[in-house]
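A quick write-up on the structure given underneath.
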There are 2 protein chains.
Amino acid sequence: MVDPIFHLNDLPTPAGIENLTTQQQTYQRLRYALMTGSIPPGTSLTIRGIAQALNVSPTPAREALKKLCAEGALTELDNRRIITPIMDIARFDELIALRILLECHAAKSATKYISERLIDDLDEIDRRMDLALKGDNHENIVVLNQLFHSGLYRANPHQVHMPLIESIWLQLGPYTRVALNKLSDIYLVDRHKQIIKALRNRNSAALLNAIEKDISEGIGQMGRDYLNASRSPD
Amino acid sequence: MVDPIFHLNDLPTPAGIENLTTQQQTYQRLRYALMTGSIPPGTSLTIRGIAQALNVSPTPAREALKKLCAEGALTELDNRRIITPIMDIARFDELIALRILLECHAAKSATKYISERLIDDLDEIDRRMDLALKGDNHENIVVLNQLFHSGLYRANPHQVHMPLIESIWLQLGPYTRVALNKLSDIYLVDRHKQIIKALRNRNSAALLNAIEKDISEGIGQMGRDYLNASRSPD
DNA sequence: ATTAATGAAATGTTATCACATTATGATTAA
DNA sequence: TTAATCATAATGTGATAACATTTCATTAAT
């Protein structure tokens with residue numbers, strides 16, 4: 001064993017996974033790591049390596065890895081090796097376009113289920129996100145940002161789009177971190193405020209516009225800049 | 001063992017899976033069965049049951065089932081049992097709306113990669129579909145219909161949407177069969193002809209319109225009728 | 001008769017080992 | 001020096017058994 005998994009032991013563990021099966025805990029930990037961009041693109045993940053790093057037997061490690069592959073969060077190469085997805089600009093742009101397409105659709109189809117109570121909850125999440133932004137707490141920012149968006153889309157009880165949206169989020173995971181690193185505070189939060197305002201006013205057009213901008217000017221622009229910048233020096 | 005898997009032995013096997021691993025073969029066979037609607041909604045699928053029915057050991061059976069769960073083709077209940085998804089009209093309508101949304105987007109983003117050669121290929125697929133329709137060969141119809149659509153969308157080499165679209169197809173699998181059963185021949189095929197014509201003319205608006213109608217007036221309408229009809233007698 | 005308790009059967013989960021495939025690096029031949 | 005070859009290690013795959021959970025039918029108590 002060449003200790004290829006580096007510091008995966010030290011990865012932050014999501015809360016509330018104590019009662020899950022070993023396999024589910026392993027899955028949640030890996031998923032969380034991917035979502036928050038804690039594993040660089042192109043990293044090779046082996047069954048035994050993960051098992052050792054997370055102190056579980058190969059079986060649950062294997063199932064967790066396979067599940068993440070099936071969700072698009074990891075890539076299975078032809079030689080059966082599993083790696084974190086490698087990104088290029090074309091693929092990135094497709095993912096951003098899909099995020100906008102799916103999330104605007106989800107928001108639209110959720111509109112009629114949205115209560116004042118839910119809007120208050122989203123407002124509260126956004127307030128916490130302001131604090132996390134001030135504190136530069138990346139993990140919390142990512143998690144809260146996802147809670148904000150998924151809280152909105154999940155208002156619709158007929159859940160068919162969230163798995164698709166989460167698949168996209170997982171694939172964009174590493175670049176969420178990049179985007180939030182570069183984020184000059186107020187920007188993203190501002191869009192969230194617009195979203196909340198549009199929800200309160202039941203202004204569908206404004207809502208969709210705010211969501212699109214939140215995505216395209218947030219992770220979309222930052223990620224694209226990053227990919228462009230990291231291409232040249234090579 | 002109560003032989004819960006009925007006649008899964010007799011399920012048609014997709015061609016060209018000889019060189020795959022046992023797990024992949026198992027996955028392909030189950031997937032094919034689901035895609036063509038050969039397993040009724042609500043059917044319980046057990047690891048040992050599938051293993052026995054397909055004459056493989058539990059390990060590959062389990063991996064195949066888990067993968068299909070991750071893709072949304074099967075549902076994992078809270079009690080850990082795995083069943084084929086149960087449909088209701090609201091969910092069905094969401095799936096159809098998502099199909100239209102994603103497939104129109106995929107078609108649009110594929111447009112600039114579409115060659116005359118590809119259009120000829122699609123034309124050929126559609127011709128074979130005409131034959132299959134005349135012969136009432138359901139499996140072939142379903143497979144050819146998917147080849148037609150995926151052939152178009154896969155023209156775009158930056159593949160991020162096909163996994164999402166296939167997830168939707170899998171979830172709609174049983175109703176594809178229903179739709180094609182009721183289909184009065186010419187209808188669906190006609191839309192395909194429109195798609196091909198729009199491709200040749202590079203008419204984007206006509207293309208998107210034809211795709212939307214192909215879906216909404218094909219499986220969309222038929223499936224909805226079926227769900228409405230089967231609701232009342234109960 | 002209904003409900004609760006019990007225990008056996010079915011099923012999902014995990015651990016482990018044997019096997020197949022792939023990757024790696026040393027060795028040899030051109 | 002380079003390319004091919006081979007042995008070894010690393011890794012994924014498959015089979016099996018022990019264990020945990022859930023289901024279900026039977027039994028006992030009210």
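Lettering follows sequence order; numbering is per chain, from 1. Both backbone and side-chain heavy atoms feed into the values below; hydrogens, waters and symmetry mates do not.
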Item to complete: Can you run down the ring-ring contact (aromatic ring centres under 6.0 Å, His included) pairs that involve residues 53-106 of chain B, sequence neighbours left out, and say none if there aren't any?
Response: B/F92-B/Y175
Counting side-chain heavy atoms from C-beta on, which of [options] comes nearest to [X]?
| X | options | answer |
| --- | --- | --- |
| B/N79 | D/dT22, D/dT16, C/dA15 | D/dT22 |
| A/R48 | C/dT13, D/dT11, D/dA15 | D/dT11 |
| A/S57 | C/dT14, D/dT13, C/dG12 | C/dT14 |
| B/R81 | D/dT23, C/dT14, D/dA15 | D/dT23 |
| A/R80 | C/dG12, D/dG14, D/dG12 | D/dG12 |
| B/R62 | C/dA15, C/dT13, D/dG14 | C/dT13 |

Fill in: Flag if over 12 foreign heavy atoms under 6.0 Å of CG, A/N19
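Not more than 12 within 6.0 Å, no.
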Starting from [atom2] on [N], measure out to [atom1] on [X] and report it in whole angstrom.
| X | N | atom1 | atom2 | value |
| --- | --- | --- | --- | --- |
| A/I47 | C/dA15 | CD1 | C1' | 14 Å |
| B/D78 | C/dT11 | CG | P | 19 Å |
| A/I50 | D/dA10 | CD1 | C1' | 15 Å |
| B/L45 | C/dG12 | CG | C1' | 14 Å |
| B/L77 | D/dT23 | CG | P | 9 Å |
| B/I83 | C/dG12 | CD1 | P | 12 Å |
| B/N55 | D/dG14 | CG | P | 14 Å |
| B/E63 | D/dG12 | CD | P | 12 Å |

Worksheet item: Should B/T22 be listed as having a side-chain N or O under 4.0 Å from OP1 or OP2 of D/dG14?
Response: yes
Item to complete: Give a yes/no on whether any side-chain N or O of B/K66 is located under 4.0 angstrom from OP1 or OP2 of C/dG12.
Response: no
[X] side chain to [Y] backbone, donor-acceptor under 3.5 Å:
| X | Y | result |
| --- | --- | --- |
| A/Q24 | A/T21 | yes |
| A/T84 | A/L74 | no |
| B/T22 | B/P60 | no |
| B/T43 | B/I39 | no |

Worksheet item: How are the rings of B/F148 and B/H192 set to each other: parallel, tilted or perpendicular (split at 30° and 60°)?
Response: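 Parallel: the ring planes of B/F148 and B/H192 meet at under 30°.
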Practice prompt. Please work out if B/Q23 contacts a base, only the sugar-phosphate, or nothing of the nucleic acid, heavy-atom cut-off 4.0 Å.
Written response: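 Sugar-phosphate: the residue B/Q23, judged by heavy atoms under 4.0 Å, touches backbone atoms but no base.
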Worksheet item: Which part of the nucleic acid, if any, lies within reach of B/T59 when heavy atoms closer than 4.0 Å are counted: base, sugar-phosphate only, or nothing?
Response: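 Base, at least one base heavy atom under 4.0 Å.
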Practice prompt. Answer yes or no: is there an ion pair linking B/K66 with B/E76, defined by an N-O contact shorter than 4.0 Å?
Written response: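 Salt bridge between B/K66 and B/E76, a charged N being under 4.0 Å from a carboxylate O: yes.
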Discussion item. To the nearest 10°, give me the bend of the helix from C/dA1-D/dT30 to C/dA30-D/dT1, comparing the axes of its five terminal pairs at either end.
Written reply: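 Both end axes considered, the difference amounts to 10°.
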